[in-house]
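Presented below is the structure to which this report refers.
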Amino acid sequence: MDHLPSTEAAVTVLREIAAEYAREIEVIHDIGADQTSRRTAAGIGVTTDPDGSLPHEAYVEFGGSPRVSVRLYPEDDALITVEGVECPDIPRDDVPAFLRSVFGGLAYVTARRFPPGYRLVVPLPGDRAHKEWTAMISLTPWLSSRVR
């Protein structure tokens with residue numbers, strides 16, 4: 001697993017993954033404290049953080065099925081949404097492995113009878129997995145096809 005030191009480095013890897021899986025990709029960059037989503041307290045015209053750095057956030061959408069989007073935050077984490085299921089707080093370095101699991105067909109959905117519920121499970125390297133709860137009503141055809 002490679003270390004991704006910046007948002008731009010992560011976007012470069014996401015472009016490579018899109019090419020690897022023959023998917024369209026659209027990237028929107030938000031640069032500056034007045035533009036990034038987690039810095040709403042920044043004053044008008046203030047673009048740098050107190051330490052003088054320029055925060056960089058990116059929103060990436062992949063074409064095709066499943067529908068996947070990634071919001072890369074300056075704080076070294078990401079929010080990945082797979083078919084409407086939000087997976088928050090994914091470390092930036094785990095984003096490529098997460099996407100390869102989803103696009104490569106390794107991700108699946110577990111069902112529980114009581115109490116009823118579903119979880120999207122995305123295997124990660126090192127015998128780890130990211131699990132995210134989802135409601136039955138929000139299961140899309142892609143998610144439903146992955147239920148075990």
Side-chain angles (χ1 to χ4, degrees), residues 1-110 117-146:
M1 175 168 52
D2 293 327
H3 174 63
L4 301 172
S6 67
T7 300
E8 192 58 40
V11 168
T12 300
V13 171
L14 296 186
R15 288 183 192 281
E16 291 169 4
I17 290 172
E20 182 180 331
Y21 290 95
R23 293 180 160 259
E24 292 183 14
I25 186 172
E26 183 178 336
V27 181
I28 300 169
H29 295 275
D30 294 320
I31 300 174
D34 59 339
Q35 299 294 314
T36 57
S37 62
R38 290 187 176 167
R39 291 188 172 66
T40 55
I44 296 173
V46 176
T47 58
T48 60
D49 282 343
D51 66 357
S53 65
L54 194 63
H56 178 191
E57 181 174 295
Y59 179 76
V60 180
E61 278 189 1
F62 291 89
S65 179
R67 292 176 321 207
V68 176
S69 66
V70 180
R71 179 165 295 281
L72 295 161
Y73 296 108
E75 294 86 7
D76 296 338
D77 69 326
L79 166 66
I80 301 177
T81 305
V82 179
E83 287 289 319
V85 178
E86 290 189 349
C87 303
D89 304 321
I90 305 294
R92 185 188 296 154
D93 292 342
D94 284 344
V95 170
F98 188 105
L99 294 175
R100 284 189 171 98
S101 285
V102 171
F103 296 148
L106 298 176
Y108 59 94
V109 175
T110 59
Y118 293 86
R119 285 190 185 272
L120 172 64
V121 180
V122 181
L124 297 171
D127 289 334
R128 299 176 301 136
H130 182 84
K131 300 174 183 177
E132 206 62 52
W133 181 85
T134 185
M136 182 175 82
I137 196 163
S138 65
L139 287 181
T140 64
W142 186 87
L143 290 169
S144 295
S145 72
R146 303 292 184 281

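Distance check, rounded to the nearest 0.5 Å: CG of L120 to CG of L139 gives 10.0 Å. Separation of atoms CG (L79) and CD (E57) is listed at 10.0 Å; rounding is to 0.5 Å. Distance check, rounded to the nearest 0.5 Å: OG1 of T134 to CD1 of I137 gives 10.5 Å. The CD atom of E83 lies 5.5 Å from the CG atom of L143; values are rounded to the nearest 0.5 Å. Atoms CG and NE2, from D76 and H3 in turn, are 6.5 Å apart once rounded to the nearest 0.5 Å. Between L106 atom CG and R100 atom CZ the span is 12.0 Å, to the nearest 0.5 Å.
Heavy atoms only, all atoms of each residue included: S138 and A135 are closest at OG-O, 2.8 Å. Nearest approach of H29 to A58, heavy atoms of both residues: ND1-CB, 4.1 Å. Considering all non-hydrogen atoms of both residues, V102 and P66 come closest at CG1-CG, 3.7 Å. Scanning both residues, P123 and V121, for their nearest heavy atoms gives CD-O, 3.7 Å. Smallest separation of non-hydrogen atoms from S65 and W142: OG-CD1, 3.7 Å.
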In sequence, state the C-alpha distance, the side-chain angles, and the governing distance for C87 and V122, and then conclude on side-chain contact (heavy atoms from CB on, under 4.5 Å).
CA-CA 10 Å; C87 303; V122 181; 5.5 Å; no
What's the verdict on side-chain contact (heavy atoms from CB on, under 4.5 Å) for L14 and V27, showing C-alpha distance, side-chain angles and the deciding distance?
CA-CA 10 Å; L14 296 186; V27 181; over 6 Å; no
After noting the C-alpha distance and the side-chain angles of I80 and H130, does the key distance pass the side-chain contact (heavy atoms from CB on, under 4.5 Å) rule?
CA-CA 11 Å; I80 301 177; H130 182 84; over 6 Å; no
For R23 and I17, what are the C-alpha separation, side-chain angles and deciding distance, and is it a side-chain contact (heavy atoms from CB on, under 4.5 Å)?
CA-CA 8 Å; R23 293 180 160 259; I17 290 172; over 6 Å; no
Go through it in stages, so that I can follow the logic: the residues are Y59 and E61, the test is side chain to side chain donor-acceptor pair (under 3.5 Å), and I'd like the CA-CA distance, side-chain angles, deciding distance and then a yes or no.
CA-CA 7 Å; Y59 179 76; E61 278 189 1; 3.0 Å; yes
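For the pair L4 and V13, the minimum side-chain heavy-atom distance is below 4.5 Å. Side chains of E86 and E132 form no contact here, defined as non-hydrogen atoms less than 4.5 Å apart. Side chains of D94 and R128 form a contact here, defined as non-hydrogen atoms less than 4.5 Å apart.
Of the possible polar contacts, one joining the R92 side chain to the Y73 backbone as a donor-acceptor pair under 3.5 Å is found.
Residues passing the ring pair (Phe, Tyr, Trp, His ring centres under 6.0 Å) test with Y21, sequence neighbours excluded: F103.
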